[in-house]
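Values below: all heavy atoms of this structure, side chains included; hydrogens, waters and symmetry mates excluded. Residue numbers start from 1 in every chain, and the chains themselves are labelled A, B, ... in the order their sequence lines are given, proteins ahead of strands.
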There are 2 protein chains.
Amino acid sequence: MTTHADRDARSRRAPLSKERVLYAAMGLADKEGLDSLTMRRLGQKLGVEAMSLYNHVANKDDLLDGMVDIAFSEIDLSSNGPDWKSIMRRRAMSAREMLARHPWAVGLMESRATAGPANLRHHDSVIGSLRKGGFSIEMAAHAYSLMDSYIYGFALQHRNMPVGARKQAPEAAQTFLRRFRAEEYPYLAEMVTGHAMKSGYDYGDEFEFGLDLILNGLERLRDAA
Amino acid sequence: MTTHADRDARSRRAPLSKERVLYAAMGLADKEGLDSLTMRRLGQKLGVEAMSLYNHVANKDDLLDGMVDIAFSEIDLSSNGPDWKSIMRRRAMSAREMLARHPWAVGLMESRATAGPANLRHHDSVIGSLRKGGFSIEMAAHAYSLMDSYIYGFALQHRNMPVGARKQAPEAAQTFLRRFRAEEYPYLAEMVTGHAMKSGYDYGDEFEFGLDLILNGLERLRDAA
DNA sequence: ACCTGAACACCGTTCAAGT
DNA sequence: ACCTGAACACCGTTCAAGT
């Protein structure tokens with residue numbers, strides 16, 4: 001039965017478009033996780049039957065591809081800066097923020113076979129910054145592979161942490177410790193109690209240590225060449 | 001209807017066990033991808049109905065947890081070696097090989113909340129090697145985070161490459177180039193044509209460049225402390 | 001103790017039918 | 001042109017019933 005309220009809600013809502021579908025999907029995945037993103041739930045969120053979505057995306061893979069490309073477009077690529085290093089540093093920090101905002105993105109990259117336009121633009125911009133910074137093609141390939149492996153790997157590790165460990169390390173570490181006898185894993189126990197359990201510890205802070213080690217190493221190699 | 005052949009096959013087969021279920025699941029995921037690993041297909045492979053599997057694993061998550069822990073146990077942790085650096089290098093290379101053998105493993109780590117015994121043993125061994133090598137707790141935490149982010153991130157990147165790019169780069173790069181006009185992404189085009197398309201190029205070879213840069217950087221910081 | 005068949009509540013996706 | 005309802009072939013998982 002179609003009530004007046006239904007009809008009102010339907011006429012009031014903005015018309016569907018691929019863009020609206022993609023942003024609604026991102027919002028759902030951000031808030032409730034990628035598992036909660038089903039065509040039926042997404043349709044429900046948009047006040048529409050699941051089948052209507054197929055008027056705007058070819059299928060679920062197309063939906064996921066679109067989401068990933070939007071995520072890519074959120075990374076800061078501005079190439080004004082004193083040198084390649086500061087540009088790469090800003091990009092890396094921005095990528096990490098994006099991956100923290102959209103925890104599903106790192107897991108989704110895996111299966112996306114075809115890179116979208118934002119992704120291609122991203123590749124081009126990064127390689128361009130390195131080349132203009134004096135890197136040879138080979139060195140630019142090395143550098144890019146290294147930086148992105150670190151960025152995405154860090155996001156993966158961060159995401160795998162027991163939820164609590166990201167913000168309130170101490171409590172999480174305690175429940176963690178309870179799971180095994182300290183004698184069995186002495187070094188691990190030492191690290192948990194003597195480091196991760198300290199208040200104020202946030203695994204996210206580890207990012208800049210590795211990033212700077214990598215950027216400094218690349219700088220050294222570039223200068224030597 | 002139960003035929004003689006059915007009965008024979010069933011009596012001939014080894015009795016099911018958690019171990020057999022886990023190894024069959026790994027074989028299926030290795031060969032046909034994680035998407036192909038369904039309880040029904042796994043049961044079929046073992047000559048059993050899907051429901052029988054629940055006698056040996058609590059549910060699918062338990063199955064995946066078990067697979068991940070076996071994968072972890074395949075990483076070489078032997079701690080004989082001249083120094084922390086060579087131990088860490090061998091571990092990293094071994095981890096990368098494991099992740100290449102089991103491409104599903106890196107994607108699965110994401111959702112595994114509870115680390116298995118092999119995983120905990122792994123953590124303890126790595127931290128132990130670093131501590132014995134003269135790293136402070138803080139530096140060991142930095143180093144571990146950096147190395148593993150790189151290892152898993154590299155595996156993720158490697159897995160995301162279009163299939164062909166892993167072995168036969170030139171063909172893959174050509175079809176890649178056909179997808180966009182070179183003028184639009186000049187630096188990307190330069191890299192593809194001038195680097196990735198060269199015969200003999202294998203993205204997997206990039207791993208050691210980054211690994212050694214990281215290990216050398218860590219060594220420098222350790223020596224300075 | 002282990003395995004099975006039927007059933008349940010979900011998926012993504014198709015297709016003819018509505019407006 | 002866009003949306004819907006019913007249907008299809010799949011999932012993971014349960015439960016009572018078989019041996």
Side-chain angles (χ1 to χ4, degrees), chain A residues 1-22 24-25 28-29 32-68 104 107-108 110-113, chain B residues 1-22 24-25 28-29 32-68 104 107-108 110-113:
Chain A
M1 189 178 69
T2 310
T3 66
H4 274 290
D6 281 347
R7 231 190 328 269
D8 284 359
R10 218 171 293 157
S11 56
R12 236 189 284 114
R13 73 162 183 255
L16 236 46
S17 68
K18 179 155 191 175
E19 209 197 5
R20 273 195 69 224
V21 170
L22 291 179
L28 193 55
E32 311 202 30
L34 196 58
D35 286 344
S36 301
L37 177 61
T38 68
M39 300 302 271
R40 283 169 172 87
R41 281 213 56 186
L42 181 55
Q44 192 181 312
K45 190 182 164 183
L46 287 161
V48 111
E49 296 298 317
M51 301 75 199
S52 306
L53 301 172
Y54 288 90
N55 287 307
H56 302 98
V57 292
N59 48 40
K60 193 170 184 184
D61 259 14
D62 187 34
L63 176 74
L64 298 177
D65 279 337
M67 293 166 65
V68 168
W104 46 266
L108 224 50
E110 40 178 88
S111 44
R112 307 302 91 201
Chain B
M1 189 179 68
T2 310
T3 67
H4 274 291
D6 281 347
R7 231 191 328 268
D8 284 0
R10 218 170 295 158
S11 55
R12 234 189 287 110
R13 77 166 181 253
L16 235 45
S17 68
K18 179 154 192 177
E19 208 196 6
R20 275 195 67 223
V21 170
L22 291 179
L28 192 55
E32 312 201 31
L34 197 57
D35 286 346
S36 300
L37 177 61
T38 68
M39 298 304 269
R40 283 170 173 86
R41 280 213 56 187
L42 180 56
Q44 193 180 313
K45 192 182 163 183
L46 288 162
V48 111
E49 296 299 316
M51 301 73 197
S52 305
L53 301 172
Y54 288 90
N55 287 306
H56 303 98
V57 292
N59 48 39
K60 194 169 184 184
D61 259 15
D62 187 34
L63 177 74
L64 298 177
D65 280 337
M67 293 167 66
V68 168
W104 45 267
L108 224 50
E110 41 178 87
S111 44
R112 306 302 92 202

Problem - Listed nucleotide nearest any side-chain atom of B:R40, set C:dG12, D:dG12, C:dT4 - result: D:dG12
Handout entry: A:E32/A:R41 ion pair, N-O < 4.0 Å
Key = yes
Problem - Integer-rounded Å distance: C:dT13 P and A:L42 CG - result: 12 Å
Handout entry: Short side-chain N/O contact from A:S52 to OP1 or OP2 of D:dC2, under 4.0 Å
Key = no
Completion exercise
Here the distance between atom P of D:dC3 and atom CG of A:L46, to the nearest Å, is 10 Å
Problem - Whether A:K45 side chain and A:A24 backbone form a donor-acceptor pair below 3.5 Å - result: yes
Problem - Pairwise side-chain contact, A:L16 with A:N55, heavy-atom cut-off 4.5 Å (strictly under) - result: no
Exercise for the section: Could you check how far NE2 of B:H56 sits from C1' of D:dT13, rounded to whole Å? Expected result: 17 Å
Problem - Protein-nucleotide distance (B:L37, atom CG; D:dG12, atom P), rounded to Å - result: 8 Å
Exercise for the section: Walk me through it: do B:D65 and B:K60 pass the test salt bridge (Lys or Arg N to Asp or Glu O under 4.0 Å)? Expected result: CA-CA 9 Å; B:D65 280 337; B:K60 194 169 184 184; over 6 Å; no
Completion exercise
If pairing means Watson-Crick or G-U wobble with both distances under 3.5 Å, then the partner of C:dC15 is D:dG5
Exercise for the section: Please figure out whether B:M51 or A:Y54 has its closest DNA chain C nucleotide nearer the 5' end. Expected result: B:M51
Completion exercise
To the nearest angstrom, the CG-P distance between B:L16 and D:dT19 comes to 20 Å
Completion exercise
The nucleotide from C:dG12, D:dC3, D:dG12 with an atom nearest the side chain of A:K60 is C:dG12
Completion exercise
note: A:D35, atom CG; C:dC10, atom C1'; distance rounded to Å ~ 13 Å
Practice task
Measure the distance from CG on A:N59 to P on D:dC10 and round it to the nearest whole Å.
Solution key: 18 Å
Completion exercise
Whole-Å distance, B:M39 CE to C:dC10 C1', equals 16 Å
